[in-house]
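Handing you this structure, nothing more for now.
By convention in this document, chain letters (A, B, ...) are assigned in the order of the sequence lines, proteins followed by strands, and residues within each chain are numbered from 1. As the structure is a computational prediction, the values presented were derived from the model and not from experiment. The figures that follow rest on heavy atoms only: side chains count, while hydrogens, waters and symmetry mates do not.
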Amino acid sequence: MPEELQKDPLTRRQFLWMGTLGTFTGVVLTVPSAVFVLDPAIKDVLLERSDVPAEWKEVGSVFEIPASEAVEHLVEFTQKQTYDAGEPAVNGTGAKVETMTNAVLLSWRDGKLPSVLSTRDEGPLPKTQIKELERDLNALSNHCAHLGCPVRWSSETQDILCPCHGGIYDINGDHTGGPPAHGLWHYVSRIREDGTILVKHEFYVQQKGQIGPGVKTKPYVV
Amino acid sequence: MIARTTARIRGWGRDLMDWMEERTGIVSLTEKLLYEPTPARGRWLYTLGSATLFLITLQFLTGILLLFYYVPTTDNAWDSIHYIMTQAYFGRLIRGMHFWSANLLLFVIGLHMVRTFLSGSYKAPREMNWVVGVFLILIVTIMAFSGYALRWDQEGFWAWEVGAMISSYTPLIGSWVITTLLGGDTAGPATLSRVFALHVWLLPAVLAPLIGVHLYLLRKHGEFGATFEYSERLAALRKRRQMEETFGSVEEDGQVADAGDHSQEG
């Protein structure tokens, strides 16, 4: 029946040729454009690259973080995207380096001042004390774990609150209420001998009550 | 004297229309495009689609005008809009039209959809027009959302960020979707370029032909309810068209008029 409807009958050989040629043409036409548009996704997801170079940035000192409070520090990260790729420009003047500002919420685990800090207020700190402080330090991203709105510390309620959809976190960044699926992202951080806190644009999520680095993820911080 | 002059001018006009009709078919095409029977009940409700089309056209026109000033870079986007609003002549008017008609557009589309639903116009054989309409409203929504981000102010920026984060919850391909929307793993210059490309080129390029399909399908099946409510009129219309095809134009009472006289209304 279908053969009768064909005005111009195809042989099997012709059909296969048309199929092969059609597939080839289709691939040639669509793959380059799709890959062109998906370039950032391929680089970030498949090749695990980031727009932000893995450099340490200073965000204040351990001696400045009080008990029962989360303090906000701003940090400028280098950002390499499109025309701000950081490559030398053709005219030799060098490309402008674009930066982006992120906020870091610094606090002590459960709001308790580490015992080391009750006896001293300046460096240099010995390695064992640095280890202890690093374990107790919360260096949290202010990017809400729900949809990325900037969260804030509220002194009255002793909570970290999100203004957009009511996400609530405790001082450790653990999720206590509202829509977020998990706690706030922690910056990968370390403490220098003089007490300076350094963060990298890399993040991990902790399980509730967990101490130390959890699962590494990308929060797409803005 | 006046009567004679009027008659002569009318004659010239008719000659010109005949000349154009013969070469381009413009008169019969216009008649074909403009005349569509609609149900007598709720007649004004059947103008909501036309209102949508008008507002979309307004978006295209004012959007093209805004492109004469808008600069899609993180450094200059907001400033260029500030310039449009404070310095450019009629800038407030053009951008205001783009902004308010975009808001009104979504509202009118909603009403159009409600009318289609309540009048049962989505039923066979018009299902595909409903489906095309759903794609149209999706595209218009993304266009409205991306237009919001193009301002690159706090509201627009955070709206796009939240939208992109919502997309990251897509099962399996979430991280692919968000990095494609942001142009990287952070929001920055690439993000604005992408929003611009979507809003100004990609989505309108998809939208325009889909509107064509939507209108084609409407004309193919006619307004729902039109056939039975207008069966008499349609029968008369068909008879007239048949007569026209055979004898050229016809008078209201069915008499054959001068060949080539197309000034008759449809």
Side-chain angles (χ1 to χ4, degrees), chain A residues 33-54 77-86 95-102 141-151 162-165 167 179-182 185 201-203 217-222, chain B residues 71-79 142 145-146 148-203 205-206:
Chain A
S33 11
V35 171
F36 180 74
V37 172
L38 293 175
D39 169 276
I42 294 167
K43 284 176 181 160
D44 289 338
V45 183
L46 275 188
L47 308 175
E48 295 186 347
R49 287 188 210 159
S50 174
D51 300 339
V52 184
F77 285 110
T78 311
Q79 185 187 33
K80 295 181 172 183
Q81 270 190 349
T82 61
Y83 54 84
D84 297 313
K96 184 187 68 171
V97 176
E98 186 81 6
T99 58
M100 60 173 202
T101 310
N102 280 179
S141 163
N142 78 329
H143 177 100
C144 183
H146 176 222
L147 294 174
C149 292
V151 296
C162 178
C164 289
H165 311 101
H182 54 76
W185 278 281
H201 196 265
E202 284 174 12
F203 307 87
T217 56
K218 281 197 175 185
Y220 309 100
V221 162
V222 292
Chain B
V71 181
T73 64
T74 47
D75 291 345
N76 303 104
W78 192 89
D79 300 310
I142 304 171
F145 202 54
S146 54
Y148 197 31
L150 282 183
R151 307 193 309 209
W152 211 246
D153 57 358
Q154 288 293 320
E155 277 183 331
F157 177 88
W158 287 106
W160 190 255
E161 161 70 6
V162 166
M165 282 297 290
I166 292 172
S167 77
S168 76
Y169 287 93
T170 315
L172 305 173
I173 54 162
S175 50
W176 285 81
V177 181
I178 188 171
T179 42
T180 305
L181 286 177
L182 291 181
D185 62 346
T186 54
T191 314
L192 185 56
S193 297
R194 270 164 193 260
V195 175
F196 182 70
L198 278 176
H199 186 84
V200 177
W201 293 110
L202 184 65
L203 293 176
V206 181

Nearest heavy-atom approach of A/Asp44 to B/Gly184 is OD2-C, 2.9 Å
Selection from A/Cys144, A/Ser50, A/Ala181, A/Cys149 maximising heavy-atom pairs under 4.5 Å formed with chain B:
A/Ser50
Taking only residues two or more places apart in sequence, or in another chain, which ones meet B/Trp78 in a side-chain contact (heavy atoms from CB on, under 4.5 Å)?
B/His82, B/Asp153
What's the spacing between B/Met165 CE and A/Cys164 SG if we round to 0.5 Å?
11.0 Å
Among the options A/Lys43, A/Arg49, A/His146, pick out the one with the most heavy-atom pairs lying under 4.5 Å from chain B.
A/His146
In short, A/Ala145 meets B/Tyr169 closest at the heavy-atom pair O-OH, 3.2 Å
B/Ile178, part contacting chain A, at a heavy-atom distance under 4.5 Å:
side chain
With B/His199 via ring pair (Phe, Tyr, Trp, His ring centres under 6.0 Å) - residues at least two apart
none
Verdict with reasoning, A/Val37 to B/Arg194, per side chain to side chain contact (heavy atoms under 4.5 Å, CB included)
CA-CA 9 Å; A/Val37 172; B/Arg194 270 164 193 260; 4.1 Å; yes
Taken to the nearest 0.5 Å, the spacing of B/Thr74 OG1 from A/Gln81 CD works out to 9.0 Å
Side chain to side chain contact (heavy atoms under 4.5 Å, CB included) between A/Leu46 and B/Trp176, intermediate numbers included
CA-CA 9 Å; A/Leu46 275 188; B/Trp176 285 81; 3.6 Å; yes
Quick check: closest heavy atoms across B/Gly183 and A/Asp51, and the distance to 0.1 Å?
O-OD2, 4.5 Å
All heavy atoms of A/Leu147 vs all of B/Ile166, minimum pair found to be CD2-CG1, 3.4 Å
